[in-house]
There are 2 protein chains.
Amino acid sequence: MTVTLTTREAIARAAGQLFEQHGYTGTSVRAVAAEAGVDPALVIRHFGSKEKLFLDTMDLQGHFGGATLGPLDELGERLVATLIGPGRDVRFSAYRAMVRASDSELVRARLLDALEEMFVGPLTPRLPGPDAELRARLIGAQVAGLLDQMSLVEDPVLVSVDPALLARTYGAAIQALVDPPSHA
Amino acid sequence: MTVTLTTREAIARAAGQLFEQHGYTGTSVRAVAAEAGVDPALVIRHFGSKEKLFLDTMDLQGHFGGATLGPLDELGERLVATLIGPGRDVRFSAYRAMVRASDSELVRARLLDALEEMFVGPLTPRLPGPDAELRARLIGAQVAGLLDQMSLVEDPVLVSVDPALLARTYGAAIQALVDPPSHA
DNA sequence: GTCTATACGTCGATAGAC
DNA sequence: GTCTATCGACGTATAGAC
């Protein structure tokens with residue numbers, strides 16, 4: 001029920017919006033300050049640096065939580081459907097903003113941590129068969145790759161294809177890592 | 001047999017090295033000029049802008065060519081083995097530099113083009129069964145994701161795991177998109 | 001035609017006055 | 001806490017010397 005925002009909240013809100021819209025480089029501290037209606041020096045004073053402001057503002061975990069829930073059977077298809085389903089825009093723009101800022105070492109570390117917490121961690125103890133952790137990490141790679149093509153470089157074919165077909169097709173490839181490997 | 005480099009060549013060589021080493025943001029036009037032993041203004045004069053210098057310098061196609069050759073049988077495993085096999089460092093650093101610079105729209109477009117030319121184009125006409133183009137693009141996504149985790153965020157587990165095991169495991173997931181889908 | 005010298009505008013960040 | 005003034009570094013442009 002807060003009618004007024006604290007200065008810090010106003011800055012964070014403006015920063016999140018501008019970072020997702022124009023990227024890290026394309027968003028100046030001065031632009032954030034103008035959007036929030038405060039002095040540019042205040043932005044640095046409150047958050048320490050532009051980089052910390054970015055990391056404090058961007059949140060991946062909040063958008064992808066629970067994607068690995070449910071039975072292992074057909075988990076691949078459900079996982080993809082969750083990623084590209086309703087509300088995909090907020091997920092895509094958060095991931096896109098992070099990767100675009102990956103020239104920063106802290107941002108890369110955050111990306112690795114987020115993937116670990118959201119996919120590798122929950123998945124590893126549930127996968128049957130050998131090399132469970134490796135397979136969980138490779139499922140994470142598949143997720144990252146799909147997000148790359150759909151939200152970062154925006155492959156027009158993938159963006160506009162029937163989501164159900166995409167979930168079925170890519171889900172099968174993910175399922176190949178969920179199910180225990182069959183040796184030749 | 002050229003003993004001396006032209007100014008343009010010297011700039012390009014210095015730029016390529018610095019961009020791969022310190023990223024786009026971490027490499028200043030002035031640093032490139034100093035490394036090449038020329039005046040900073042010359043860099044802009046020869047290449048137009050820092051962004052064009054980056055695009056002229058970075059080359060993905062040259063490093064990944066021919067990864068999709070050979071019989072479709074076990075193509076997945078061979079593809080991964082080629083990506084992470086001997087000389088992986090040059091491939092990884094080229095890809096890493098590009099993604100780190102993906103705040104630029106031109107760089108993102110180049111990434112999409114490169115993946116299309118190297119994987120989607122050669123693969124689409126060869127894949128049996130329905131949705132060949134979609135499956136080829138999703139194989140591209142799998143490749144991008146693996147490169148993300150190994151060369152951009154540098155997942156320590158994936159970087160140090162036995163390459164043969166990795167090729168076998170991730171190769172099986174790629175093979176699931178090479179082979180025609182089996183409907184339930 | 002190259003190259004040098006210099007300068008412009010903007011950036012992230014800091015110091016110190018209210 | 002907030003603003004003013006300012007710093008050094010950046011990408012880029014241009015004028016003019018070889």
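These numbers come from a predicted model, not from an experiment. Chain letters run A, B, ... following the sequence lines, proteins first and then strands; every chain starts at 1. Basis for what follows: all heavy atoms, side chains included, without hydrogens, waters or symmetry-related copies.
Taking only side-chain nitrogens and oxygens, A:T7 comes nearer than 4.0 Å to OP1 or OP2 of D:dT2. For C:dC3, one of the phosphate oxygens OP1 or OP2 lies less than 4.0 angstrom from a side-chain nitrogen or oxygen of B:H46.
A straight line from OH of A:Y24 to P of C:dC11 spans 13 Å, rounded to a whole angstrom. Taking atom CG of residue B:D39 and atom C1' of nucleotide D:dC10, one finds them 15 Å apart after rounding to whole Å. Computed from coordinates, the A:K52 NZ to C:dT14 C1' distance equals 14 Å when rounded to whole Å. One can place CZ of B:F47 at 18 Å from C1' of D:dA13, the figure rounded to the nearest angstrom.
In this structure, B:T25 reaches neither bases nor backbone, as no heavy-atom distance under 4.0 Å exists between it and the strands shown.
Residues A:T27 and B:V38 both approach DNA chain C. Their nearest nucleotides, taken by heavy-atom distance, put B:V38 toward the 5′ side.
Minimum atom distance to the side chain of B:I44 is reached by D:dA13, of the listed D:dT2, C:dC3, D:dA13. Taking only side-chain atoms of B:R30, from C-beta outward, the nucleotide of D:dG11, D:dC3, C:dC11 with the closest atom is D:dG11. When the nucleotides D:dC3, D:dT12, D:dC10 are ranked by their closest atom to the side chain of B:V29, D:dT12 comes out on top.
The environment of B:R13 atom CZ is sparse: at most 12 non-hydrogen atoms of other residues, nucleotides or ligands sit within 6.0 angstrom. Within 6.0 Å of atom CD in A:E105, 12 or fewer heavy atoms from other residues, nucleotides or ligands are found, so the atom counts as exposed in its surroundings.
No cation-pi contact links A:K50 to A:F19, judged by a cut-off of 6.0 Å to the six-membered ring centre and 45° from its axis.
Under 3.5 Å, the side chain of A:R45 and the base of D:dG1 form no donor-acceptor pair of N or O atoms.
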Begin from the C-alpha positions of A:Y170 and A:L158 and carry the test side chain to side chain contact (heavy atoms under 4.5 Å, CB included) through to its verdict. CA-CA 11 Å; A:Y170 204 60; A:L158 294 184; over 6 Å; no
